[in-house]
> 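Here's a structure for you.
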Amino acid sequence: MTARLKRLGLRGRNLVTAVPYLWLIVFFLIPFAIVLKISFSTTQIAMPPYEPLLHWAGEKMLQIQLNLANFAFLVQDDLYGTAYLNSIWVAGVSTLICLLIGYPIAYAIARSSPSTRNILMLLVVLPFWTSFLLRVYAWIGILKNNGLLNNFLLWIGVIDQPFQMLQTDFAVYVGIVYSYLPFMILPLYANLEKLDLTLLEAAEDLGCRPWQAFYKVTLPLSKPGIIAGCLLVFIPAVGEFVIPSLLGDPGMLMIGKVLWTEFFNNRDWPVASAVAIALLLFLVIPIMFYQRAQDAEAGGGVHR
Amino acid sequence: MSTSPRAAQQKFEPWKDPEAKPYVRIEKITKQFGDFLAVDDVSLDIYKKEIFCLLGASGCGKTTLLRMLAGFERPTSGRIYIDGVDMTSIPPYERPVNMMFQSYAVFPHMTVEQNVAFGLKQEGLPRTEIAKRVVDMLDLVKLGQFAKRKPHQLSGGQRQRVALARSLVKKPKLLLLDEPLAALDKKLREHTQFELINIQETLGVTFIVVTHDQEEAMTLSSRIGLMNHGEIIQVGTPSEMYEYPASRFAAEFIGSVNMFEGRLIEDEPSYVRIECDDLEVPIYVDHGISSSPGATVWAAIRPEKIMMSREKPQQADNWASAIVQDIAYMGDMSIYLLRLDSGKVVRITQPNTYRHADDRITWDERVHLSWHPESPVVVTK
């Protein structure tokens, strides 16, 4: 029995590595293939609302019909380009703000004593115990015209009349930064916590003031943490739908909202799929180039 | 015990010169971490071009003392002067001192070259001078061909040399080395010891080395400061430390020793006689000590200073009879463990001068031990 399994390559080690592969195939590759397929199809009023790609043209002929119009449409209509750029801009700015807030937090946690460190990390992940949607709704209560923040500002006398915060870009940034900050802090903390503090002492010994040691040693060595954190914030923020639709200006064009509209309002599955595929390519290609550059820089040597 | 390469040199003993000014002066330094007294009222004078070893077991305070010299720790009390300047409250980045860390602390994100140039760039030196000094330094530590490598592509010994080059290239007045050889294997360690001494002599930098390895301290240093529980127990040259230990701790820490506890029965200016419970005859030492008769003292005798024979010695003092309990053949010499009639085990070493010695003393033989009157060192604490 075992011999037969071995012949099939089903040894313990292969089985263990098979689990993530299987997961990725079932939950990423297959859905991706389905979406890709739909993006090359044409709408029709039917169930499902798109035409199949394969046709029997009779006489043992199997025809594949690829409709490229969906992708062409994305380029022709400005709406999509604007939405993409808008989303990337909002996600980029939010990522930067997350980094600026998250880095000092992660740094402080990594430098605190081991017992407080655990408590602080618990506090960072604590918001996850409440539903994401509820937390975004809570911000409506804080930001609306007669909400917590406006009332407070009126009470201390900074402003005379309510300040329009809800349904502005500001609210979207607040929502995204608030929701995704833990995803920035966690990888940064994991990286900064590993930093060998004698490296900083060595830098000081060689003439660096503490801030120079930070700039020349801590910061470059935390690059992997910064990149991981930025990707974890940027990628979901680009496709974010809930936060802009609950907190943002209804007229604000974001690709997540466009996708929603195509899919649910226009019931145009092929165009919606094309939007999704284009978004994926937008995000994946730069990351792949980055990875390639990283590997080249490491010289294929042993990674620490 | 390996011999020091310094022995061949002319005498270098600035500490004996009352005119000489100490280069590093450690004045009544105390460092307390909470309730723990890491360094306890240490005063030391270290002279220019010395290799001074702080020797002691882990936790004896030697590293804390070194870190205070580097500026990473502030002393609780006391002062540190380097070249006459009070350094006690000067931050590390402004001290004319560099440190080589035990873990080497080589920057993993920089090449060998960038690591070595780091301190010079920090000083803001012109690019051409930096390049020249880096090349010279890499040649000195024989790393020229590895200039473009990253630390993870180097062996432990090469990384150690990067750390050394990086700290020396700044031409510090004082180089602090924290266990510089601990992470190297034995062969490489011996080789590197001599290289370190050569580099030190070429550059004329003063070294302060922290080590727990007495052999390393003996080989490297001009003087050793033996530490225990935050205190300096004894300061002396390697041979002084070995031949004239001032206490039982010093005698036992450096090299191996046979310690006989006894009472002073005769105390004259020119000799003393000590009666030991473990020995049938007294120990006779040909120099006086300042203690009162009847006092408990210890006679320390090094293993290589005890002679062993089958015949009973003729002298009245300074011998014992024993049975061979164990022999360890080390090649160059053999270690004998001999059991006295009292049950005490005495350790002696004998050089294996002849290749074929069929009548070598062997297991379970009864032998007689003897030693010269100048061999024992009498300590009172």
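These numbers come from a predicted model, not from an experiment. Here is how names work: the chains are called A, B, and so on, in the same order as the sequence lines, proteins then strands, and each is numbered from 1.
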> Is B/Phe107 close to chain A through its backbone or its side chain, or both, or neither, when contacts mean heavy atoms under 4.5 Å?
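Both backbone and side chain of B/Phe107 come within 4.5 Å of chain A.
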> Measuring heavy-atom distances to chain A, does B/Met100 have an atom under 4.5 Å in its side chain, in its backbone, in both, or in neither?
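Neither the backbone nor the side chain of B/Met100 comes within 4.5 Å of chain A.
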> Do B/Thr211 and B/Asp213 have side-chain atoms, one donor and one acceptor, less than 3.5 Å apart?
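Their side chains do not contain a donor-acceptor pair, so the 3.5 Å distance test is not met.
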> Main chain of B/Thr111, side chain of B/Lys148: is a donor-acceptor contact present, judged purely on distance under 3.5 Å?
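Flag not set: sc B/Lys148 to bb B/Thr111 has no pair under 3.5 Å.
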> Please flag which part of B/Val106 lies under 4.5 Å from any non-hydrogen atom of chain A: side chain, backbone, both or neither.
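When you check distances to chain A, only backbone atoms of B/Val106 fall under 4.5 Å.
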> Counting only non-hydrogen atoms closer than 4.5 Å, does B/Gln102 touch chain A with its backbone (N, CA, C, O), its side chain (CB onward), both, or neither?
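Neither part, no heavy atoms under 4.5 Å.
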> Assess the side chains of B/Gln114 and B/Lys121: does a donor N or O sit below 3.5 Å from an acceptor N or O?
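No donor-acceptor contact under 3.5 Å links the two side chains.
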> Most heavy-atom pairs under 4.5 angstrom with chain A, which of B/Pro91, B/Ala163, B/Gly71, B/Pro92?
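Option with the top pair count is B/Pro92.
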> For B/Glu50 and B/Thr206, test the side chains for any donor-to-acceptor distance below 3.5 angstrom and give the result as yes or no.
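Their side chains do not contain a donor-acceptor pair, so the 3.5 Å distance test is not met.
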> Give, as side chain, backbone, both or neither, the part of A/Ala213 having an atom under 4.5 angstrom from any heavy atom of chain B.
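Interface part for A/Ala213: neither.
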> For B/Lys173, look at atom NZ and say whether over 12 heavy atoms of other residues, nucleotides or ligands are found less than 6.0 Å away.
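Buried by this count: over 12 neighbours within 6.0 Å.
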> Less than 4.5 Å to any heavy atom of chain A: does that hold for the side chain of B/Arg67, its backbone, both, or neither?
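Side chain only.
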> Is there a donor-acceptor pair closer than 3.5 Å between any side-chain N or O of B/Gln160 and the backbone N or O of B/Pro180?
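Looks like yes, one N/O pair under 3.5 Å.
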